[in-house]
Structures are given as structure tokens and as C-alpha cells.
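Data first, discussion second: the structure below is written as C-alpha cells.
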2 protein chains.
Amino acid sequence: MSRTIAPDGELPTGGSSSRSAGGTATASGDARQERPTRPSDARERILGAATRLFYAHGMRAVGVDLIIAESQVAKATFYRHFPSKDDLVIAYLDRVDAAWTGQLHAAAKAAGPEPADQLVGLFDALATACRTEGYRGCGFINAAAESQPGTAAHERTVAHKSAIRSWVRDLAVEAGATDADKLATALTLLLDGALSAGALDPDPRAVDVARATARHLVDEACG
Amino acid sequence: MSRTIAPDGELPTGGSSSRSAGGTATASGDARQERPTRPSDARERILGAATRLFYAHGMRAVGVDLIIAESQVAKATFYRHFPSKDDLVIAYLDRVDAAWTGQLHAAAKAAGPEPADQLVGLFDALATACRTEGYRGCGFINAAAESQPGTAAHERTVAHKSAIRSWVRDLAVEAGATDADKLATALTLLLDGALSAGALDPDPRAVDVARATARHLVDEACG
DNA sequence: GCGCTGGTAGACAGACCGGTCTGTTAGCAT
DNA sequence: ATGCTAACAGACCGGTCTGTCTACCAGCGC
């Protein structure tokens, strides 16, 4: 079961937590670690480390001590910003929600002005996500696997999936689909399946098939 | 995060671990618990409890102490049968594999002699699974969410998904599909998506849509 | 100067984790 | 009777978990 996780350098996402946001990066080059005494970004560092670690290893597998070490923050600071680990978990899920929803919207927009094309364009976001190093499936589905139906984490997952489906349905209505509900459901099923397959199937053609199938379903429903 | 799990009675799967297999159930009715002194089924009790608990709560959330308590077994007995928790986890996954593969095969068989109908029949197994109380999605996808790419648990998941897809492809070949690979991939994507949606989407129509879409894809590919 | 805010370091508590160990008992074959 | 096997009960170990607490420090507005 291997309950512990090495404190650093084993993550597939690569680069050192992206901590150069504010500019003027403590230019005096003598110190070893140059921990940013720049105030008020402690919360951001915590959430950034938690996002990376929770996604890569699972929420339960990552302890607060590791997050604290990775974000270079004092324990009291951690608990000032997030009164409990659960609060951090839901902040993490909110961030995943915003990120994935944003990528989906961007991919739809990039696919052109036609709603029918935008419905297919969603699968470009999928392809991009699956290709990124350290891809480990849908963060929400993974979170649901680690939480119980009554909990806040689980309900965020349900709400997220529902919001995506509702947005896809609106797009399907715009595209003039004969049965927008059915088309939206089929597309989101395909999307969720590919989201899992992208992490489990070594063959990357699965996402191509997902996209092609989506194209086919959309063309057929929108005449 | 609520790390602990109540020792009994909170599981959605219902009934008291099905421990009346061997007949002659210690008919002397004086004792309270009637733990089966019937020899050699200790391993089965452990694996049964683990299967129920791992699926319901996640592998990481369930400690060996709880499994030991639920299966009414001594700790030494537990570790005699399963040298480590990891061994139990893979035994659990093997059991889930056998169960789900069996249900899929049975549903295909029940759908009739035509391979094309059998491909659609898979989705009957899905519908049945999603309707059962305590359904929590695909045990393998959930397991993958709790394990790392290199580990045995993760590789069992990959192997399981690969085996299912390969079997579906054989069925698609038998059915005379124009592109059996593509059809099999599309169907398994749909299946995996619906497996997740069945646990997350309160609306049960998603599985109907999955089945209808499968019917459509099969009809089209097999002319 | 003074207090407030937001940060640092780290000891500590109490529960739980996987796993080992000692010792006991029942059934059964020799 | 003896010895083997498989089960039992449960104390114990080192380590990890979340969360609390004390103590100190830097900047800033008053």
C-alpha cells in the first residue's frame, strides 16, 4: 500500500511549483532556497501544492505535512487559511472545476462559431489534457472514488458533472439537435469515458475515436 | 476528511456479509454471534469483507483492523492468508474482475445469439449494476484513482480494461463490423463513461442513452 | 512606541496505520 | 498420547495522521 510519499522530486508534473508570479524575485543570489518572504501569497502556495499533490497522488494519500513542506509554509499559517483539510479539499476541487471548465470553453470557442463544431471541439480539450505529462484522469471522478455520497467533495463532483452536461445541452440546443438532452448525455458519457481511458489506456487512439464518434453523433443529430 | 469508518451497520450493501454458505449453521442457539467455527472459510470471510468495504469506502480508507473485525478473524489469521494489505488488494481486484467480466458475459449471452445484439446486451449488465443499492462506479477506475501508475493495483486496472476491450473487439469482428477496433473502442468508452455516470448522475436515463447510442453505433457499423 | 496582521519554527496530543509477536485452543492423523 | 495445523485473542511496535499550541518576528498604520 506504501502509505508515504517522497517529499519532493517524484512528481510527473515537473516544475518546482511555479512560484515566480510576483516579479522582483529576491535578486540577491546568496541564499539557498530563496523562500519568498513576499507577503500574502502563502495561501496561493498552499493551494498550488495541494492541487498538484492531490491530483497526482489522491487526496487521501497526501497528508497536510507534505503540503506544508512543499508549499514552504508554517503549520499555523496553513491552518489559518484552511481550518481543516476538508476545506483545502473543496478549494482544490473548485480550482479543478474552474480549470477544466475553462479549458472546455476555450476549446469550444477555438473550434469555430458553429455550435455543432463547438460540441466536437470539446474533445480537443480532452486530447490536450490526456497528452500532458502526469495525466491521471478526471480529478472529480478520482475525488468521488475517495469520498462518500453524503460529503461535500462528492457533491461538488455531482454538481460539476451536472454543470458541464447542462452547458453541453445548451450548446446542443443552439446547434439545433433533434434531441438535445440525448445528444448532450451521449457526448458527456463519451467524454467521461475518454477521460478515464486517457489515463488507463496506453494507446492514445482512444481519444481520436471519441472525437470521431462525437462528430458522427453531432452531425446526425443536427442534420 | 473523516478518516475513520464506523465498524458496522453503515454500509449500503445491506446484509451481514452472507456468511451462511456451508449449511448446518451451528444450530445450538445459545451464543450471541454464532461465529462459524467451521474451518477453512476464514480466507473467504476476509476477502468477502474486504471486497464489500474496499468497494464501498475505497481501499485506502479501510484499515486492516476494520476488515479483521468485520470478518471475525484473528489478526494472525489475516496475515497468514494475506501477507500484506497489498496482497489483499490484488485479491480484491481479481474478484472484482471475475465478477464484472462474468456479468458482462452473461448479459451478452442473454441478449441472443447474434453478436451484434450481444454488443448491445453489455449495456444491460451496466443498467443492472447501476441500479443496485450502494453502487459506486467501476471498482477498477476507483482503484486506479487510489494507486500510482507503477503499482500492481494500477496495472491490474489497465489489464482489466484491456481484456474487456479485446473481448468486445472480438465480438465486433464476429458481428462483421466495418472497423471492429473503432467500434469496440467507442463502445467501451461509452461503457466506462456510463459506469461513472451511474454513480454520479442522479438521473438514471444516462444508462438508457448509453444503450441506445450503442445500438445505433452497432447497427451502423454492422450494416 | 504600540498594537495588529500575517508570517516563521516546531513541540505536542491523541488517534489510527500496517505489521509482528506471544500465547491459547480445537480438530485430526498418526 | 503426541504432534501438526489452523484458528483464536489481543498486546505491542514504530510511524503517520490531523489538528492545537506556544513562542517569536517583520512590517505597517496610528
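Chain A is the first sequence line, chain B the second, and so forth, proteins listed ahead of strands; every chain is numbered from 1.
- Going from atom CD1 of A:I68 over to atom P of C:dT8 covers 10 Å, rounded to whole Å.
- One interatomic measurement links the two molecules: CG of B:D41 to C1' of C:dA26, which rounds to 15 Å at whole-angstrom precision.
- Protein atom CG of B:L88 is 15 Å distant from nucleotide atom C1' of C:dC17, rounded to whole Å.
- Legend: residues meeting side-chain contact (heavy atoms from CB on, under 4.5 Å) with A:D181, ordered by chain and number and at least two apart, are A:R169, A:D179.
- In this model, the phosphate group of C:dG7 is approached by a side-chain N or O of A:H81 to a distance below 4.0 Å at OP1 or OP2.
- In this entry the distance linking CD1 of A:I67 with C1' of D:dT16 reads 14 Å, nearest Å.
- Taking 4.0 angstrom as the limit, B:T77 places none of its side-chain polar atoms (N or O) nearer than this to OP1 or OP2 of D:dA6.
- Taking atom CD of residue B:Q72 and atom C1' of nucleotide D:dA6, one finds them 17 Å apart after rounding to whole Å.
- Scored by the salt bridge (Lys or Arg N to Asp or Glu O under 4.0 Å) test, A:R131 finds no partners at all (sequence neighbours excluded).
- In this structure, the side chain of A:Y55 engages the main chain of A:G137 through a donor-acceptor pair within 3.5 Å.
- Scanning for salt bridge (Lys or Arg N to Asp or Glu O under 4.0 Å) contacts around A:D170 gives an empty result, with sequence neighbours left out.
- Within the structure, side-chain hydrogen bond (donor to acceptor under 3.5 Å, both in side chains) contacts touching residues 183-202 of chain A (residues at least two apart or in different chains) are A:K161-A:D192, A:D201-B:R165.
- For B:D87, there are no salt bridge (Lys or Arg N to Asp or Glu O under 4.0 Å) partners at least two apart in sequence or on another chain.
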Every protein N/O lying under 3.5 Å from an N/O of nucleotides 17-26 of chain D:
{"from": "D:dC17", "atom 1": "O2", "to": "B:R3", "atom 2": "NH2", "distance (Å)": "3.3"}
{"from": "D:dT18", "atom 1": "OP1", "to": "A:K85", "atom 2": "NZ", "distance (Å)": "2.7"}
{"from": "D:dT18", "atom 1": "OP2", "to": "A:V64", "atom 2": "N", "distance (Å)": "2.8"}
{"from": "D:dG19", "atom 1": "OP2", "to": "A:K85", "atom 2": "N", "distance (Å)": "2.8"}
{"from": "D:dG19", "atom 1": "N7", "to": "A:K75", "atom 2": "NZ", "distance (Å)": "3.2"}
{"from": "D:dG19", "atom 1": "O6", "to": "A:K75", "atom 2": "NZ", "distance (Å)": "2.5"}

